[in-house]
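Notes follow the structure.
Atoms considered below: every heavy atom in the structure, side chains included; atoms not considered: hydrogens, waters and symmetry mates. Every chain is numbered from 1 and lettered A, B, ... according to where its sequence line falls, protein lines coming before strand lines.
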Amino acid sequence: MLQVSFLRQNRDLAKKKLAIKHFAQPDLVDTVIDLDDERKQLQASFDETQAKVNSASKEIGALMAKGDKEKAEATKTAVGEWKKQLEPLKEKMAQVEIDLQNALVQFPNLPHDLVPLGKSPEENVLVREGGVRPKLPAGAEAHWDLIKKYNLVDFETGAKITGSGFPLYIGKGAKFQRALVQYFLDFNTAAGYTEYLPPFMVNAASAFATGQLPDKEGQMYHATEDDFYLIPTAEVPVTNIFRDVVLKEADLPLQMTAYSPCFRREAGSFGKEVRGLNRVHQFEKVEIIQIVHPDKSDEVLNDMVAHVEKLLVSLGLPYRILKLCGGDMGFASAITYDFEVYSAAQERWLEVSSVSNFQAYQTYRMKCRFKDAAGKIQFAHSLNGSSLALPRIFAAIVENYQTESGIALPKALQSYFGAENLI
RNA sequence: AGAGAGGUGUCCGAGUGGUUUAAGGAGCACGCUUGGAAAGCGUGUAUACGGCAACGUAUCGGGGGUUCGAAUCCCUUCCUCUCUGCCA
């Protein structure tokens, strides 16, 4: 959520930056400031009257103690009059506050200065490419054929148990998932991240804080009986650890990592793009999250990008890093780098990680603050990234490491899997 | 799921309708004292909104109500603990 005070002081800049994100209603900036003016005015007159009521009430207490009933009664009448004035003010103020809130939540985060212009994924900027594309054996297959051939994942039975997009991992496929999770978590904790295992369902307040609600309600599974949401990413529960918290400056940076299954309803895509493990409703992911001093978030974003890159390099997969353009970025993000690995058999790039700096967009929404050296309260910055999303890594390894007789494994994973080859 | 007890400041904890402007204690910070430390003494120690400021307003888990006045009374909801039940 954007801060009104910021919009007030940077009206034109805000509009300019919203345009980079292709935000359709720049005039909403003016609406918000007008509503805030109205709120201030209402509060001033409300406070003034309420102050009179409070001091008169105290007086009544003193008069009663003295036994001056007559004067006490007279004061009561006066207070009654003021309270009548208060009623409509209170109602109006509540309405203005709701209107203001409803307007504010519509703003996406403003893009960082480094964000390139552009509308669609084609306009994302290639930062760098790494790794080597493997020479596949003749008759190389895509992962959806390989997992069938070697009985690693059974989509049909998953669909029978639940529905389409809920894969059932079997035997070595299941063990391989476990090995990946374990490896990613160890890799992250070795870099200083603290491991968490969070709840996989969250309440509405948490979903609001990280920006899933109110707009993206349809993308989450909702357990209506208890009003809980299945998490679309561990970012939601883990970032919410620090909702309504005032930290000490010395606590920063906070570095967290968490494994969780992720649940996404994501309606809308068809065909080859969603085949096999490319897009599913339930998948596993290991996430990294940081809460940092606002002066440090640019630097930390680079650290996180370097961290994920190192992890990909250790898996020996061909990858590229993209800086997302304004039109392709997420709602809450100020700047995002996407990681893609090359699927040799599908001959296309698969997104496996997305690392973003949210600056104060989430922390303002969830009131995550810290007290600086001067004793002033400031909003922290939050960042997160996947490290890594499993299904597409699974797919990429299966495809890129296929041999004539089976599937090999990156060195880093062999001890975790307990064998030199997957098959 | 049933019955009961609770939720107060950074922490512990008092407070059952009106000088509570939330007692008292601990912790922390600063100062005094000291050769240095401890002890002692003093001062300070929540957040949000409005205001140049003085200050005002709100907040005792959340929401609503009664009252001139609510931490305190009523309703509702969430959470924690104990016992019982069920359960991996």
Side-chain angles (χ1 to χ4, degrees), chain A residues 1-9 32-105 197-209 213 223-229 237 240-252 254 261 360 362-380:
Chain A
M1 203 153 66
L2 300 178
Q3 299 178 47
V4 182
S5 58
F6 178 87
L7 294 175
R8 195 182 277 285
Q9 286 159 30
V32 158
I33 293 168
D34 290 346
L35 280 169
D36 194 49
D37 285 339
E38 196 182 348
R39 182 190 61 84
K40 282 186 187 187
Q41 226 169 23
L42 286 167
Q43 169 143 17
S45 53
F46 180 88
D47 283 1
E48 198 187 324
T49 310
Q50 184 66 52
K52 285 198 272 189
V53 170
N54 286 347
S55 68
S57 294
K58 225 171 259 177
E59 225 173 278
I60 291 169
L63 289 168
M64 299 281 258
K66 263 196 287 178
D68 193 346
K69 281 212 167 145
E70 207 174 302
K71 207 166 172 194
E73 284 304 322
T75 312
K76 272 193 198 183
T77 316
V79 169
E81 284 306 309
W82 290 325
K83 287 195 65 167
K84 266 185 219 154
Q85 296 171 25
L86 240 36
E87 274 312 307
L89 273 177
K90 206 171 154 185
E91 273 171 40
K92 213 166 172 188
M93 212 155 71
Q95 189 54 52
V96 168
E97 263 161 34
I98 289 167
D99 292 346
L100 182 60
Q101 180 76 5
N102 287 343
L104 272 177
V105 296
L197 185 62
F200 299 153
M201 288 184 164
V202 295
N203 57 30
S206 292
F208 175 83
L213 293 180
T224 52
E225 185 82 12
D226 297 289
D227 198 20
F228 293 152
Y229 294 88
N240 269 283
I241 295 169
F242 304 99
R243 170 154 53 87
D244 293 321
V245 168
V246 180
L247 298 155
K248 298 189 203 88
E249 185 165 0
D251 294 337
L252 304 177
L254 292 161
Q362 291 181 326
T363 52
Y364 178 64
R365 229 170 143 107
M366 74 168 84
K367 308 272 174 279
C368 169
R369 295 156 294 175
F370 72 95
K371 199 172 256 187
D372 67 20
K376 228 185 105 200
I377 301 281
Q378 292 191 48
F379 288 99

Could you give the distance separating B:rG17 and B:rC12 at their P atoms, to the nearest angstrom? 26 Å

In whole Å, what separates the P atom of B:rU45 from that of B:rG36? 29 Å

Grab the CZ-P distance between A:R8 and B:rG50 for me, whole Å please. 8 Å

In the strands shown, is B:rC11 matched to any nucleotide by a Watson-Crick or G-U wobble pair with both distances under 3.5 Å, and which? B:rG25

Look through every strand shown and name the nucleotide pairing with B:rG42 as Watson-Crick or G-U wobble, where both distances are under 3.5 Å. B:rC30

Touch check for A:Q43, heavy atoms < 4.0 angstrom, all strands: base, sugar-phosphate only, or nothing? base

Under 4.0 angstrom, heavy atoms only, what part of the nucleic acid is A:K248 near: base, sugar-phosphate, or nothing? nothing

Closest-nucleotide mapping onto RNA chain B: is A:A51 or A:Y364 further toward the 5' terminus? I mean the 5' end. A:Y364

Tell me the partner of B:rU47, counting only Watson-Crick (N1-N3 plus N6-O4 or O6-N4) or G-U wobble (N1-O2 and O6-N3) with both under 3.5 Å; none if nothing fits. B:rA58

Pairwise P distance for B:rG51 and B:rU34, with rounding to whole Å: 49 Å

Need the pair for B:rG35. Rule: Watson-Crick or G-U wobble, both distances under 3.5 Å, any strand; none if unpaired. none

d(CG, A:N54; P, B:rU19) in whole Å: 13 Å

Rounded to the nearest 0.5 angstrom, the CZ-CG distance for A:R365 and A:L213 is 8.5 Å

If each of A:K40 and A:F46 is mapped to the nucleotide of RNA chain B with the nearest heavy atom, which maps nearer the 5' terminus, i.e. the 5' end? A:K40

Given atom CD of A:E249 and atom P of B:rC28, what is their separation to the nearest angstrom? 21 Å

Give a yes-or-no answer on whether the side chains of A:S206 and A:N203 include a donor-acceptor pair shorter than 3.5 Å. yes

What is the distance from CZ of A:R39 to P of B:rA58, rounded to the nearest Å? 16 Å

Out of curiosity, A:S45 OG to A:M93 CE, how far, rounded to the nearest 0.5 Å? 8.0 Å

Starting at the 5' end of nucleotides 62-70 of chain B, put B wherever the base has a protein heavy atom under 4.0 Å, S where only the sugar-phosphate does, and a dash everywhere else. ------BS-

Atom-to-atom span, CD of A:E97 to P of B:rA58 - whole angstrom: 14 Å

Go ahead and name the base partner of B:rU20; Watson-Crick or wobble counts if both distances stay under 3.5 Å, otherwise write none. none

How many Å lie between NZ on A:K371 and P on B:rU10, as a whole number? 9 Å

Between B:rC75 and B:rC30, how far is it from one P atom to the other, in whole Å? 49 Å

Among B:rU57, B:rA48, B:rG50, the one nearest A:Q50 by side-chain distance: B:rU57

Starting from C1' on B:rG50, measure out to CE on A:M93 and report it in whole angstrom. 10 Å

Would you say A:T75's side chain and A:A56's backbone share a donor-acceptor pair under 3.5 angstrom? no

Only pairs with both distances under 3.5 Å count, Watson-Crick or wobble alike; so what is the partner of B:rU67 in this structure? none

When the P atoms of B:rC81 and B:rG31 are considered, how many whole Å apart are they? 43 Å

Rounded to whole Å, the CD-P distance (A:Q41 to B:rG56) equals 22 Å

For B:rU59 and B:rG4, measure between their C1' atoms and round to the nearest Å. 30 Å

Would you measure the distance from the C1' atom in B:rU8 across to the matching atom in B:rU20 and give it in whole Å? 13 Å

Is there a Watson-Crick or G-U wobble partner for B:rA5 with both distances under 3.5 Å, and if so, which one is it? B:rU80

Between A:D251 and A:K248 (side chain of the first, backbone of the second, donor and acceptor by atom type, cut-off under 3.5 Å), is there such a pair? yes

Between A:D37 and A:Q41, is there a side-chain donor-acceptor contact under 3.5 Å, judged purely by atom types and distance? no

For the atom pair CD (A:E48) and CD (A:Q43), what is the distance rounded to the nearest 0.5 Å? 12.5 Å

To the nearest 0.5 Å, how far apart are CE in A:M366 and CD1 in A:I241? 10.0 Å

How long is the span from the CG atom in A:L100 to the CZ atom in A:R39, to the nearest 0.5 Å? 6.5 Å

Paired nucleotide for B:rU72 [Watson-Crick or G-U wobble; both distances under 3.5 Å]: none

What distance, rounded to whole Å, do you find between the two C1' atoms, one in B:rG62 and one in B:rU80? 15 Å

